Structure formats: C-alpha cells, structure tokens
Engineer: 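Please read through the structure below; I'll follow up with questions.
The sequence lines fix the lettering, A, B, ..., with proteins before strands; numbering per chain opens at 1. Treat the numbers as computed from the prediction; the structure is a model and nothing was measured.
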Number of protein chains: 2
Amino acid sequence: MTGRTYGQFCGLARALELVGERWALLVVRDLVLAPKRFTDLHRGLPRIPTNVLSARLKELEQVGIVRRRVLPRPAAAVVYELTAYGRELEAILLQLGRWGAQSLGEPGPEDILTEDSLTLALRATFRPEAARQLRAGYELRVGTVVVHARIADGILEAGIGPLEAPDLIIDTGPVLRALWAGEISPGAAVESGAIRLTGDPALLDRFVELFRIPATPVDAPA
Amino acid sequence: MTGRTYGQFCGLARALELVGERWALLVVRDLVLAPKRFTDLHRGLPRIPTNVLSARLKELEQVGIVRRRVLPRPAAAVVYELTAYGRELEAILLQLGRWGAQSLGEPGPEDILTEDSLTLALRATFRPEAARQLRAGYELRVGTVVVHARIADGILEAGIGPLEAPDLIIDTGPVLRALWAGEISPGAAVESGAIRLTGDPALLDRFVELFRIPATPVDAPA
DNA sequence: CTGGATCCCTCACGATACTG
DNA sequence: CAGTATCGTGAGGGATCCAG
C-alpha cells in the first residue's frame, strides 16, 4: 500500500491514486447507470482481464467508491454499485468524455460500442439551451445497441433500451460520430442511406442541435 | 501504438488513452499555470523518473495536448506549454482535484506541496457566491510555498508568489487542510498557534467561506 | 452458469547512471 | 540544462482453472 502514490499533497494526485489506475474509470462509467454484476461488467469491458477487474473492484470498494452487495434470495447474486462518493464522479466522467470525444476518430474494426457509453455520450453532449420548447422522445439504434432520450422542459432523460412510443427512431451506424461532430449534415446522412428514420424526420435536425460534440480546437503554429 | 488502447468507441476511453497514463495529468496540471522547462517540471514532480517525464511529454505532444517550443536566443531554453486542447483540461482538473481533496487525509512526511497545486486548489475550491461585495487580497504561506488570491467583483485571480499589498497574510502549515475542510474553526486554528496572521484578522473568516472543500459524502449502510 | 482465483508472459514503470 | 541509456521489478494482458 505504500507504493503507487504520487508523493504530493494535492487533491488531483489523490484522485489519481483513487481512480487513476488502468480501467478504473471505465468500471465506474459502467456503474453510473446502474449496479452491475461481475459478468455484466466484463461483458461491457471485454478487454479487461478478470483478475484486473477483480482487483479494481476490490480497490474501488476499499476506498469507498464502490460497494459490493449480495442480493437477498432468490437471486443469490452479487452486484457492485457506486457509493455516494462514487456517484460524484459522474459529472467529471461526462466532461472528460466530451473532451476525449473531440479527438475520437472513426471507430476501428476492433472497437466496440456499448449501451452504457452511448447513453452517457447523450448526457455528456446534451445542450439544454437547445432544448427549450421541445418535448420529444428519440430512440437511437446503432447495430444492436439501443438507447433512448426523452427531452421535456429543457431536461434530458437518457437511458438504455427502446422507448414506448418514440417520436423518431434513428437507426444508424458509424456515421453517427461524424453527424454528432457536425462534420456531416443530417440531410446528407439520410440521403446517403447511412441513417434510416422512422417517425418525424424534422426531429433529426433538432437532434443534431440537442447533442453536439464541440469542434476540436486547433492551435495556430507559434 | 496498437497496444495500450481500450477497444471502445467512447469519448471517455479515448480521453484515458490520451491522459490516462501514470503522471500524465499531473504534468498537465503543472503546465496549466504557465509553460515550464523540463527541469522545472521535474522540480514540481520530483518522484517522476526523468525518462518517464520525457516519454509523457513526447506522448502529450504527439496527441496535441502539449507543444514543445524552443525559445529564441539569448535564452536557448526549451519550454513545454499546453495547446488550446490541453487548456480545455483545466476545468476537469479542478473538478477532479476537488473530488479527490475530499478524501485527502493529513499530509504524510514524504508528501510535498507545490505552488502550482496550491494555486489550483484555490481555484478549485473557490465559491463565487461567497465573494459578493468583497474586494480583498490574500497571501497564503505554507512553509516556503507562497501563493496569492485576489478577489474582486466575485472573480478570483489566484497565482504563484506574494502579493504587493495583501489585506491579509495567512502563514500556516498542515492544519490548512482541516481548515479548508471545515473541520476546525478559524478561531481555534489561530488560538492554537497553527496559523499566524498579518493584516485584517476578520478576513480569515471570509477566507474559509470563500474556499471550501465539500464534506465527504458518507453512505448509509444498505 | 456465475463469480471469480491462478499462472505465466510481457511491457511499462521506477531507480540510477551517464551524456551532449 | 535537457534529456538518453540501462536494468530490475511489478502491474497489466491472456488463458485457464475452480468453487458454489
């Protein structure tokens, strides 16, 4: 326990000692939306070795970010959930995710997309000022990944899974990133067939105003 | 370059690929306030091996967070500075630092405190709503570390070094953390001799209102 | 089948020494 | 001052194995 510290009396250094190890923040990310079992976590993070996942959960539990809970019968299952302290990381994760999304290129063939990360991406890129006077329900489908967003009174509710009666279903693929970043217009995306719509097509224009990855800042040389 | 990725199409995963390696965010932290030379960075982060510092700087430069700049003569020096993209991390660092500060215990004997981290701690814990109607200049001394804070019109300006004509000089030690967290009252701190004041003592009460580490959330069991 | 623990290999990190 | 070179250690990666 004496190793692995930064030797600085600093809140940031402390934070990095708590969640700075590899995979730690992604585990927290997958617990933001709901408690999960070990196997569910592993399904959402297939590239993490089970021993590392095990170690991270123990460490996160020890420092009060995650709580291990054994469900009462009949489902004799173990779930991991965030503590109140862990939940405070959500806003930071969203900000960091929005920052990182600016330099996100096209998805590689190995890259996976999960319901959790897509849902958090909706929350991270939501712009309340664009949601005034709007009440709408979107269902977003990317391959087999289905999430939804409901906007009402300037508030976003985003979650996993389909929606009862969506005003618009957006069925798309990798082009979603370019659309999100404003690199392609909704019209062009639909026309190319990269996006299929079910419902009110006009709501797609609202969608790209509601959810937006900021443009990547470019530095002038010198 | 193919290794070290998370295999997820996710802004957060991307962010962690950019700044998730050990020491990376602390290097960014030390560049937030001002560009620095290699040796200055190493002075602020004495525990980082020079080869690792070298590697981090190269990586951060390659991904567009840091720029390496050779100063023109006469000072044939090399400085590292943040790009616009790197500067966008400041708000995130402050939030993360404030989060981590909640679980910061007493400083260990090995822990060091730097001007940079103390200045950023001021920025991170500043509460504008407590600064209304106030115009004041503080000088904060912790050992040989001296920083300052100027408050005017609800705005904070915090930086390294002393102040021309401070309204209050706060000369203190490790007790500062407890004061910051509200675990000890200003009066008790002064009375115990752990804090020495020069200037208007009433401004110390304002200080603890202006800068505050939020209380650590405690989870109810079950 | 869930919920991990164990083993082995590799590579990043840490410490130290050294150079333009 | 601004790094590079070398080398040992331990954490991470991948596969397999085990208990309830």
Engineer: Does a side-chain N or O from K36(A) land closer than 4.0 Å to OP1 or OP2 of dT2(C), or not?
Structural biologist: no
Engineer: Would you indicate what T50(A) reaches in the nucleic acid, counting non-hydrogen atoms under 4.0 angstrom: base, sugar-phosphate, or nothing?
Structural biologist: base
Engineer: What is the separation between atom CG on N51(A) and atom C1' on dC8(C), rounded to the nearest whole Å?
Structural biologist: 11 Å
Engineer: Are the side chain of W99(B) and the backbone of G11(A) linked by a donor-acceptor contact shorter than 3.5 Å?
Structural biologist: no
Engineer: Can you list everything that forms a salt bridge (charged side-chain N to carboxylate O under 4.0 Å, His left out) with R68(B)? Sequence neighbours excluded, please.
Structural biologist: none
Engineer: Taking 4.0 Å as the cut-off, does a side-chain nitrogen or oxygen of R22(B) come that near to OP1 or OP2 on dG14(C)?
Structural biologist: yes
Engineer: What's the CZ-P distance between R37(A) and dG4(C), to the nearest Å?
Structural biologist: 11 Å
Engineer: To the nearest Å, give me how far apart CZ (R68(A)) and C1' (dG3(C)) are.
Structural biologist: 8 Å
Engineer: So what does R43(A) hit on the nucleic acid, given a heavy-atom distance under 4.0 Å: a base, only sugar-phosphate, or nothing?
Structural biologist: nothing
Engineer: Would one find a side-chain N or O of W23(B) under 4.0 angstrom from OP1 or OP2 of dG14(C)?
Structural biologist: yes
Engineer: Quick one: does any side-chain atom of R98(B) pair with a main-chain N or O of A124(B) as donor and acceptor, under 3.5 Å?
Structural biologist: yes
Engineer: Sequence neighbours excluded and cut-off under 3.5 Å, please list the side-chain donor-acceptor pairs for residues 108-115 of chain A, or say none.
Structural biologist:
{"from": "D111(A)", "atom 1": "OD2", "to": "G108(A)", "atom 2": "N", "distance (Å)": "3.0"}
{"from": "T114(A)", "atom 1": "OG1", "to": "S117(A)", "atom 2": "N", "distance (Å)": "3.2"}

Engineer: Atom CG of L53(A) to atom C1' of dG4(C): distance rounded to whole Å?
Structural biologist: 9 Å
Engineer: According to a strict under-4.0 Å criterion, is T39(A) in side-chain N/O contact with OP1 or OP2 of dT2(C)?
Structural biologist: no
Engineer: Just the endpoints, please: which first and last nucleotides of DNA chain D, 5' to 3', lie under 4.0 Å from a heavy atom of chain A?
Structural biologist: dA11(D) to dA15(D)
Engineer: Measuring from D116(B):CG to L12(A):CG, what's the distance to the nearest 0.5 Å?
Structural biologist: 11.5 Å
Engineer: Using 0.5 Å steps for rounding, measure from the OG1 atom of T172(B) to the CH2 atom of W180(B).
Structural biologist: 10.5 Å
Engineer: Using OP1 and OP2 only, check whether a side-chain N or O of Y6(A) sits under 4.0 Å from dC13(C).
Structural biologist: no
Engineer: Figure out the CG/P separation between L57(B) and dC13(C), and round it to whole Å.
Structural biologist: 13 Å
Engineer: For the pair F211(B) and F126(B), name the ring-plane relationship: parallel under 30°, tilted 30 to 60°, perpendicular over 60°.
Structural biologist: tilted
